[in-house]
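Below: one structure, written as structure tokens.
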Amino acid sequence: MTLKRCLFVVFLAGLLLAAPTLQAQGHFEFSGHYGRWSLNLLGNLAKDTLNDMLKDELEDRILEDIQDSYPGFSLTSYEQSLDFGSGGDNFGLSVRYYPGGHRGSFSVGLAVEQCSFKVTPSVTSLMELQELGTPETATFSGSADAEARIKALAFLLSLRWDLFPSMVVHPYITFGGGISTSKALDDSFVSYSYAGQLTGSAIPNETVSGSDSRTLRELKDEADTDFPFPNFIPFLQLNLGLKARLTSNIHLFVDGGVLNGLIIRGGVTLRL
């Protein structure tokens, strides 16, 4: 049995063992869901953030490669523009406990989520250089493609408020957060490649290119104390949704909101 299946079995078994005691006061809901994830709807905010994240890395790497061949040249200006695509899947199992019983509005939930998120920026760049002590200049013009992929098994704790829970179709709001397992740092990575033309008044036209790929753990080790989180990936959740009652025990739901990006998902709930 794989580690993921073991986690699911232990998670559900523990809840089922506790159910007879807790259900005397409230009730449980078990659910499964699937969703699609994206950053595209964040528009310029996501675009500007990604551009800032990539700018220093690409600028330093391109300049370093040029100076390996032409050490006398230094940077005078660098500009880049970015477009990007993003997408991904999210699926998982969750259990919620309603302490107020079937008519209760408030609940607390625990979910096991399998997340696979990908962002693919495309960059065009223009670099201007000048040779120290001379009027000679050079220009690099090129493009770069990158990919950032997050693959994580995460555990989320959430609070939910069902609005007008007695209605057949009613809204709800969910707020929560959690962390991934440490293995996510090994399974998630950032990679990029670039190529362009270097031209100048005193140098022959030539192609400058390069590439790199690193896992989040490698980036963490390189960043040391500056890495934004220790040995896991944090998750923040904020969802608005609708739940529809098919029978007294089976509900369908659909919601949208934030899960380290924008997500829309749906699923089925079994109420005990």
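One finds no salt bridge joining R149 and D187 here, because no Lys/Arg side-chain nitrogen approaches an Asp/Glu carboxylate oxygen to under 4.0 Å.
Closest of all the heavy-atom pairs between F253 and V268 is CE2-N, 3.6 Å. Residues Y98 and D162 come closest through the heavy atom pair OH-OD1, 2.9 Å. Among all heavy-atom pairs drawn from S74 and L132, the shortest one is OG-CD2, 3.6 Å. Of all heavy-atom pairs spanning T76 and L129, the tightest one is OG1-N, 3.7 Å. Nearest heavy-atom pair, M127 versus L63, reported as atom, atom and distance to 0.1 Å: CE-N, 4.0 Å. A pairwise comparison of heavy atoms in S107 and P99 identifies CA-CD, 4.4 Å as the closest pair.
Atoms CD and OH, from E206 and Y70 in turn, are 3.5 Å apart once rounded to the nearest 0.5 Å. Considering OG1 of T174 and CG of L159, their distance stands at 9.0 Å, rounded to 0.5 Å. Going from atom OG of S31 over to atom CG of L270 covers 9.5 Å, rounded to the nearest 0.5 Å.
Under a hydrophobic-cluster definition in which Ile, Leu, Val, Met, Phe, Trp and Tyr are linked whenever side-chain heavy atoms come within less than 4.5 Å, directly or via other members, L242 and L240 are assigned to different clusters. Residues L58 and L126 do not share a hydrophobic cluster, clusters being chains of Ile/Leu/Val/Met/Phe/Trp/Tyr side chains in contact below 4.5 Å.
At a threshold of 4.5 Å between non-hydrogen side-chain atoms, the residues S125 and I62 count as touching. Counting heavy atoms from C-beta outward, Q80 and N51 have side chains that approach closer than 4.5 Å. By the 4.5 Å heavy-atom criterion applied to side chains, L219 and L216 are counted as neighbours. Side-chain contact between L82 and L50 is present, with at least one heavy-atom pair separated by less than 4.5 Å. For the pair H33 and D255, the minimum side-chain heavy-atom distance is 4.5 Å or more. Contact annotation: the side chain of E57 never approaches that of V190 to less than 4.5 Å [non-hydrogen atoms, C-beta and beyond]. By the 4.5 Å heavy-atom criterion applied to side chains, Y34 and D89 are counted as neighbours. Taking 4.5 Å as the limit, every side-chain heavy atom of T120 sits out of range of all side-chain heavy atoms of D145.
The backbone N or O of K151 sits less than 3.5 Å from a side-chain atom of S188, completing a donor-acceptor pair. A side-chain donor-acceptor contact under 3.5 Å links Q67 to the backbone of F73. Checked by atom type and distance alone, the side chain of W37 never pairs as donor or acceptor with a backbone atom of N90 at under 3.5 Å. The closest donor-acceptor contact from the side chain of S158 to the backbone of G176 lies at 3.5 Å or more, if one exists at all. Listed for the S86 side chain is a donor-acceptor partner under 3.5 Å among the backbone atoms of N40. In this structure a side-chain-to-backbone donor-acceptor pair under 3.5 Å is present from H27 to G101. Between the side chain of T207 and the main chain of Q197, no donor-acceptor pair closer than 3.5 Å is present. Looking only at distances, a side-chain donor or acceptor of R36 sits under 3.5 Å from a matching main-chain atom of G88. A donor-acceptor pair under 3.5 Å is absent between the side-chain atoms of E147 and the main chain of V119, judged by distance alone. Remark: the backbone N or O of T215 is paired with a side-chain donor or acceptor of E218 at under 3.5 angstrom.
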Requested in this report: Determine, stepwise, if the pair S81 / T124 fulfils side-chain hydrogen bond (donor to acceptor under 3.5 Å, both in side chains).
Outcome: CA-CA 5 Å; S81 60; T124 58; 2.6 Å; yes
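Residue pairs that meet the ring-ring contact (aromatic ring centres under 6.0 Å, His included) test with at least one member in residues 167-215, sequence neighbours left out, do not exist here.
For I264, the CD1 atom is loosely surrounded, since the number of other residues' heavy atoms within 6.0 Å does not exceed 12.
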